[in-house]
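Encoded as structure tokens, the structure appears first; notes follow it.
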Amino acid sequence: MFQIGRSTESPIDFVVTDTISGNQNDESQITQSTISRFACRIVCDRNPPYTARIFAAGFDSSKNIFLGEKAAKWKNPDGHMDGLTTNGVLVMHPKGGFTEESKPGVWREISVCGDVYTLRETRSAQQRGKLVENETNVLQDGSLIDLCGATLLWRTADGLFHTPTQKHIEALRQEINAARPQCPVGLNTLAFPSINRKDVVEEKQPWAYLTCGHVHGYHNWGHRSDTEANERECPMCRTVGPYVPLWLGCEAGFYVDAGPPTHAFSPCGHVCSEKSAKYWSQIPLPHGTHAFHAACPFCATQLTGEESCVKLIFQGPID
């Protein structure tokens with residue numbers, strides 16, 4: 001059994017803190033966490049096929065299930081008690097596993113005893129949803145677990161075996177750079193920085209207009225308005241939109257295939273394969289008390305634009 005939560009006490013195996021999305025600066029610290037101290041526990045079978053089941057809440061140091069005062073609790077017809085954590089543990093199993101063909105499933109809430117319920121009206125409502133009798137709490141490859149402040153992706157050993165490795169992503173980066181893509185205006189050669197330097201914008205870093213996908217080097221002109229500092233006009237096609245540096249998404253577990261990095265998320269500029277970009281663009285992640293929106297898996301920034309991702313248009317060297 002593995003326990004997950006915000007508490008740093010010894011019964012918690014994986015301490016989880018609130019995810020700050022990539023478009024907020026570090027100063028916007030979380031004032032009050034919405035993740036439960038003892039959020040959930042995952043129980044794995046010791047024998048093949050090593051089935052993993054998720055349950056809401058966790059055991060504290062006195063070996064009792066810990067639930068907050070405001071948490072919903074009830075007695076089932078068979079006499080045993082059950083309940084939900086204050087803000088809920090939500091799970092979504094993608095249809096078709098975690099592959100290129102996967103489609104988003106339906107978000108459900110898991111109870112302390114592992115039963116599956118429809119969502120409450122809001123995250124912390126006292127009234128539980130309806131029991132879904134034909135669904136279970138068994139985790140699958142690609143299942144998403146939302147703890148109201150952080151979303152976890154469950155990957156199986158078999159699923160990761162078919163996932164690109166860090167070395168594969170590095171090889172793709174070197175392959176793009178070896179093709180010597182050029183800025184179509186400045187004609188200077190562009191190169192994705194090494195994965196170790198993923199926080200510093202470098203001189204040769206590719207930038208892209210996220211409405212059309214044209215890739216350029218950095219330049220400081222093309223502003224269309226004083227109010228929208230990031231709205232620029234692409235010199236290739238005159239399309240107006242955000243202009244951002246591109247970053248190769250470096251967490252291999254988020255890729256659904258091993259394809260080349262051809263698409264960028266909008267508005268953050270993280271780059272991955274086409275199928276991975278399209279998969280995450282259609283996944284609604286819980287946000288706040290009852291909203292859902294798609295987000296970049298690499299930085300948790302809420303996706304924008306009609307498609308949420310754009311195909312990149314690189315220009316090769318002229319010589």
Side-chain angles (χ1 to χ4, degrees), residues 1-21 29-30 32-46 49-73 81-94 98 105 107-117 119-120 123-124 128-129 135-160 163 251-254 283-289 292 295 297-300:
M1 180 174 74
F2 302 94
Q3 300 211 134
I4 301 167
R6 178 169 51 89
S7 171
T8 53
E9 292 178 39
S10 58
I12 294 295
D13 302 290
F14 299 99
V15 178
V16 177
T17 55
D18 295 73
T19 300
I20 300 175
S21 70
Q29 287 300 317
I30 302 292
Q32 191 173 3
S33 176
T34 48
I35 300 172
S36 296
R37 284 186 289 162
F38 296 83
C40 68
R41 59 202 194 279
I42 294 173
V43 179
C44 305
D45 288 353
R46 292 178 183 270
Y50 308 112
T51 304
R53 293 176 174 83
I54 185 167
F55 301 82
F59 293 96
D60 60 17
S61 45
S62 61
K63 299 182 181 176
N64 290 315
I65 284 288
F66 185 91
L67 283 176
E69 287 178 20
K70 296 178 182 175
K73 310 171 189 76
M81 292 296 295
D82 203 350
L84 307 170
T85 59
T86 305
N87 291 320
V89 174
L90 310 189
V91 172
M92 190 271 279
H93 309 296
F98 193 67
W107 282 97
R108 302 294 196 202
E109 181 159 12
I110 304 295
S111 75
V112 172
C113 294
D115 287 335
V116 181
Y117 288 85
L119 302 189
R120 292 179 261 181
R123 289 297 290 251
S124 57
R128 65 183 183 273
E135 295 183 23
T136 72
N137 61 339
V138 174
L139 293 172
Q140 308 162 11
D141 189 36
S143 290
L144 288 164
I145 304 163
D146 187 82
L147 305 177
C148 195
T151 306
L152 312 179
L153 171 67
W154 178 262
R155 297 301 314 268
T156 61
D158 185 56
L160 287 174
T163 293
E251 175 47 70
F254 294 153
I283 296 290
L285 296 175
H287 177 71
T289 56
F292 289 83
F298 302 105
C299 67

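These numbers were taken from a predicted model, which means no experiment stands behind them.
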**Study point:** Arg6 with Asp18: basic N within carboxylate O range, under 4.0 Å
**Key:** no
Check your understanding: Which pair of heavy atoms, one from Trp107 and one from Pro284, lies closest together, and at what distance?
Key -> NE1-O, 2.7 Å
**Study point:** Which residues share a side chain to side chain donor-acceptor pair (under 3.5 Å) with Arg120, sequence neighbours left out
**Key:** Glu109
Check your understanding: Which heavy atom of Gly68 sits nearest a heavy atom of Thr86, and at what distance?
Key -> CA-OG1, 4.2 Å
**Study point:** With Ser124 via side chain to side chain donor-acceptor pair (under 3.5 Å) - residues at least two apart
**Key:** none
Study note, to complete from the structure: Here the gap from Thr19 atom OG1 to Leu285 atom CG, rounded to the nearest 0.5 Å, amounts to 10.5 Å
Check your understanding: Looking at residues at least two apart in the chain, or sitting in another chain, which of them share a salt bridge (Lys or Arg N to Asp or Glu O under 4.0 Å) with Arg155?
Key -> Asp141
Practice item. Walk me through it: do Thr85 and Leu67 pass the test side chain to side chain contact (heavy atoms under 4.5 Å, CB included)? Key: CA-CA 6 Å; Thr85 59; Leu67 283 176; 4.2 Å; yes
**Study point:** Value rounded to 0.5 Å, distance of CD1 in Ile54 from SG in Cys40
**Key:** 4.0 Å
Practice item. State, to 0.1 Å, how close His93 and Ser143 come at their nearest heavy-atom pair, and which atoms those are. Key: ND1-OG, 2.7 Å
Practice item. Identify the heavy atoms of Gly114 and Ile110 that sit nearest to each other, and give their distance. Key: CA-CG2, 4.0 Å
Practice item. Could you please spell out the steps behind the salt bridge (charged side-chain N to carboxylate O under 4.0 Å, His left out) verdict for Asp45 and Arg53? Key: CA-CA 9 Å; Asp45 288 353; Arg53 293 176 174 83; 3.7 Å; yes
Practice item. Under the side chain to side chain contact (heavy atoms under 4.5 Å, CB included) rule, what do Leu119 and Phe292 come out as? Steps first, then yes or no, please. Key: CA-CA 12 Å; Leu119 302 189; Phe292 289 83; 3.6 Å; yes
Exercise for review: Would you name the heavy atoms of Gln140 and Trp154 that are closest together and state the gap between them?
Suggested key: O-CD1, 3.2 Å
Point to revise | From CD1 (Ile20) to SG (Cys299), nearest 0.5 Å | key: 12.5 Å
Practice item. Could you check Thr151 against Met92 for side chain to side chain contact (heavy atoms under 4.5 Å, CB included), going step by step and ending with a plain yes or no? Key: CA-CA 11 Å; Thr151 306; Met92 190 271 279; over 6 Å; no
Check your understanding: When you check the side-chain N and O atoms of Asn64 and Ser62, is any donor under 3.5 Å from an acceptor?
Key -> yes
Check your understanding: To the nearest 0.5 Å, how far apart are CD in Gln3 and CZ in Phe59?
Key -> 7.0 Å
Exercise for review: Look up atom CG in Leu90 and atom CZ in Arg123, then write down how far apart they are to the nearest 0.5 Å.
Suggested key: 4.0 Å
**Study point:** Heavy-atom pair with the smallest gap, counting every atom of Val16 and Ala150
**Key:** CG1-CB, 3.6 Å
Revision key, fill the gap. CG (Asp115) and CZ (Arg108) are apart, to the nearest 0.5 Å, by 13.0 Å
Review point. So, Asn87 side chain and Thr34 main chain: donor-acceptor pair closer than 3.5 Å or not?
Key: yes
Check your understanding: Looking at side-chain heavy atoms only, is the closest gap between Leu153 and Leu144 below 4.5 Å?
Key -> yes
Point to revise | Steps toward side chain to side chain contact (heavy atoms under 4.5 Å, CB included) verdict (Val89, Ile145) | key: CA-CA 7 Å; Val89 174; Ile145 304 163; 4.2 Å; yes
Check your understanding: Under 3.5 Å, is there a donor-acceptor pair between the side chain of Arg37 and the main chain of Gly5?
Key -> no
